[in-house]
Number of protein chains: 2
Amino acid sequence: MFSKACEYGIRAAVYVALQSLEGRRVSVIEIAEEIDSPIAFTAKILQQLSKNDIINSVKGPTGGFEIEREDMDAVKLSKIVKAIDGDNIYVGCGLGLRECNADKPCPLHDKFVDIRTDLRTMLQNTSLFELATGLEVGLTYLKR
Amino acid sequence: MFSKACEYGIRAAVYVALQSLEGRRVSVIEIAEEIDSPIAFTAKILQQLSKNDIINSVKGPTGGFEIEREDMDAVKLSKIVKAIDGDNIYVGCGLGLRECNADKPCPLHDKFVDIRTDLRTMLQNTSLFELATGLEVGLTYLKR
DNA sequence: TCAATAAAGGACATTTTTGTCCGAATTATA
DNA sequence: TATAATTCGGACAAAAATGTCCTTTATTGA
């Protein structure tokens, strides 16, 4: 569904949000540890998130990654997915046709439209804050 | 969503079904031409489909691929997807966690369950026959 | 100012996916 | 029986995704 990079990216962003709620800025090493991901690869992904204004990065001692409380509401999953995987998941054709649409549909088009729309809606409506609070309360997990 | 191999596999299977409805057995070359896919790669995928009893293959002159009318009903998309991509798409965790379930859910678990279930249901309920007939009537397309 | 800390960035390595090539096996038909 | 058409199977090639390493840059605080 999502690429590995995107999975790590979402998990990392949620962890950063959770810690920012506690007022803590976190390092790549801590993030990778807490979401169980390869450190250097995670660092690359965090750079992408930072460049796409999804999280903030601060260099130097006491540096790390963080996200403002208001951005947690503004940043929806769709923004993260688009930044890392592009939007082909919920825009492209299920069978890989370039020009698949209601006028010239692939055999799966109609059946796919609903699922794709549900997925898009879910990603566009789910904020980082929402996901972070579930974690905060101990209802959800980011590892294993 | 699906791998390229799986996209080609579904398109190939639908084309074989369509031609079998007309009583024609088709070659790899014709299939690749009609679904706009790389020939040799498509040949490998057809082998997989054949080994998984999704389509039949016949060697030698006048040989090619075909599928029985009754198998078109029995073969659902889920069988093709499982044969090529495995069932991780609609079974695995959206964020890549190995042990994600209702007891120990990832932050996206609840929101993903519905979409994943819809996808699984759709794949399990859609037969090759159904897809082939849409093509036959000229309502859908396999190229571009 | 200097040392230590942390992200940024580039080069490289590994693995997986996608794709190609070619000879072997099978079989219809002349 | 010989030939040609076709799939099968293995080895190889290329591209993309995943992952690592090391140097540079920025910044803090002693």
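Lettering follows sequence order; numbering is per chain, from 1.
- Other residues, nucleotides and ligands contribute over 12 non-hydrogen atoms within 6.0 Å of the NZ atom of A/Lys76.
- Residue A/Ile39 contributes atom CD1, which lies 11 Å from atom P of C/dA7 at whole-angstrom precision.
- Each of B/Leu46 and A/Val58 was assigned the nucleotide of DNA chain D with the nearest heavy atom; the assignment lying further toward the 5' end belongs to B/Leu46.
- Positionally, the nearest nucleotide of DNA chain C for A/Gly63 lies more toward the 5' end than for the other of A/Lys51 and A/Gly63.
- The interatomic distance linking A/Gln47 (CD) with C/dA6 (C1') rounds to 12 Å, in whole Å.
- Summarising the hydrophobic clusters (Ile, Leu, Val, Met, Phe, Trp, Tyr; side-chain heavy atoms under 4.5 Å, direct or chained), the residues clustered with A/Leu97 are none.
- Paired with A/Tyr8 under the rule side chain to side chain contact (heavy atoms under 4.5 Å, CB included), one option of A/Ile45, A/Ile84, A/Asp36 passes, and it is A/Ile45.
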- [ ] Begin with the C-alpha distance, continue with both residues' side-chain angles, and end with the deciding distance and a verdict on side-chain contact (heavy atoms from CB on, under 4.5 Å) for A/Arg25 and A/Thr62.
- [x] CA-CA 8 Å; A/Arg25 194 180 277 164; A/Thr62 78; 4.0 Å; yes
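- Residues A/Val137 make up the rest of the hydrophobic cluster containing A/Leu139, defined by ILVMFWY side-chain heavy atoms closer than 4.5 Å, directly or through other members.
- Within residues 64-71 of chain B, the residues that have a heavy atom under 4.0 Å from DNA chain D are, in order of number, B/Gly64, B/Phe65.
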Open item on the list: Between B/Ser3 and B/Asp85, is the side-chain hydrogen bond (donor to acceptor under 3.5 Å, both in side chains) condition met? List the steps.
Closed with: CA-CA 7 Å; B/Ser3 69; B/Asp85 279 351; 2.6 Å; yes
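- Listed by residue number, the members of residues 5-26 of chain A with any heavy atom below 4.0 angstrom from DNA chain D are A/Ala5, A/Tyr8.
- Nearest nucleotide to the side chain of B/Phe41, out of C/dA8, C/dG19, C/dT29: C/dG19.
- When each of B/Lys44 and B/Ile29 is assigned the nucleotide of DNA chain D bearing its nearest heavy atom, the one mapping closer to the 5' terminus is B/Ile29.
- Against DNA chain C, the stretch residues 85-100 of chain A makes no heavy-atom approach under 4.0 Å.
- Within the 4.0 Å cut-off from OP1 or OP2 of C/dT29, not a single side-chain nitrogen or oxygen of B/Thr62 is found.
- The distance between atom CD of A/Gln48 and atom C1' of C/dG10, rounded to the nearest whole Å, is 15 Å.
- Note: the hydrophobic cluster containing B/Ile35 also contains B/Leu21 (ILVMFWY, side chain heavy atoms under 4.5 Å, direct or indirect links).
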Task: Step-by-step side-chain contact (heavy atoms from CB on, under 4.5 Å) determination, A/Leu131 to A/Leu135 - done: CA-CA 7 Å; A/Leu131 298 182; A/Leu135 257 191; over 6 Å; no
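- No single ILVMFWY cluster, assembled from side-chain heavy atoms under 4.5 Å apart, contains both A/Val91 and A/Val113.
- By the 4.5 Å heavy-atom criterion applied to side chains, A/Tyr141 and B/Glu99 are not counted as neighbours.
- For A/Ser20 (side chain) and A/Ile67 (main-chain N/O), a donor-acceptor pair under 3.5 Å exists by modelled atom type.
- Under the 4.5 Å side-chain heavy-atom criterion for ILVMFWY residues, a single connected hydrophobic cluster contains both A/Ile39 and A/Val16.
- With a 4.5 Å cut-off on side-chain heavy atoms, A/Lys79 and A/Ile54 count as touching.
- The distance between atom CD1 of B/Ile84 and atom C1' of C/dT16, rounded to the nearest whole Å, is 16 Å.
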TODO: Any chance you could lay out the side-chain contact (heavy atoms from CB on, under 4.5 Å) test for A/Lys143 and A/Glu33, step after step, and finish with the verdict?
DONE: CA-CA 9 Å; A/Lys143 273 199 211 185; A/Glu33 168 69 23; 4.1 Å; yes
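- The nucleotide range of DNA chain D contacted by chain A, defined by atoms under 4.0 angstrom from heavy atoms of the protein and reported 5' to 3', is D/dT18 to D/dT28.
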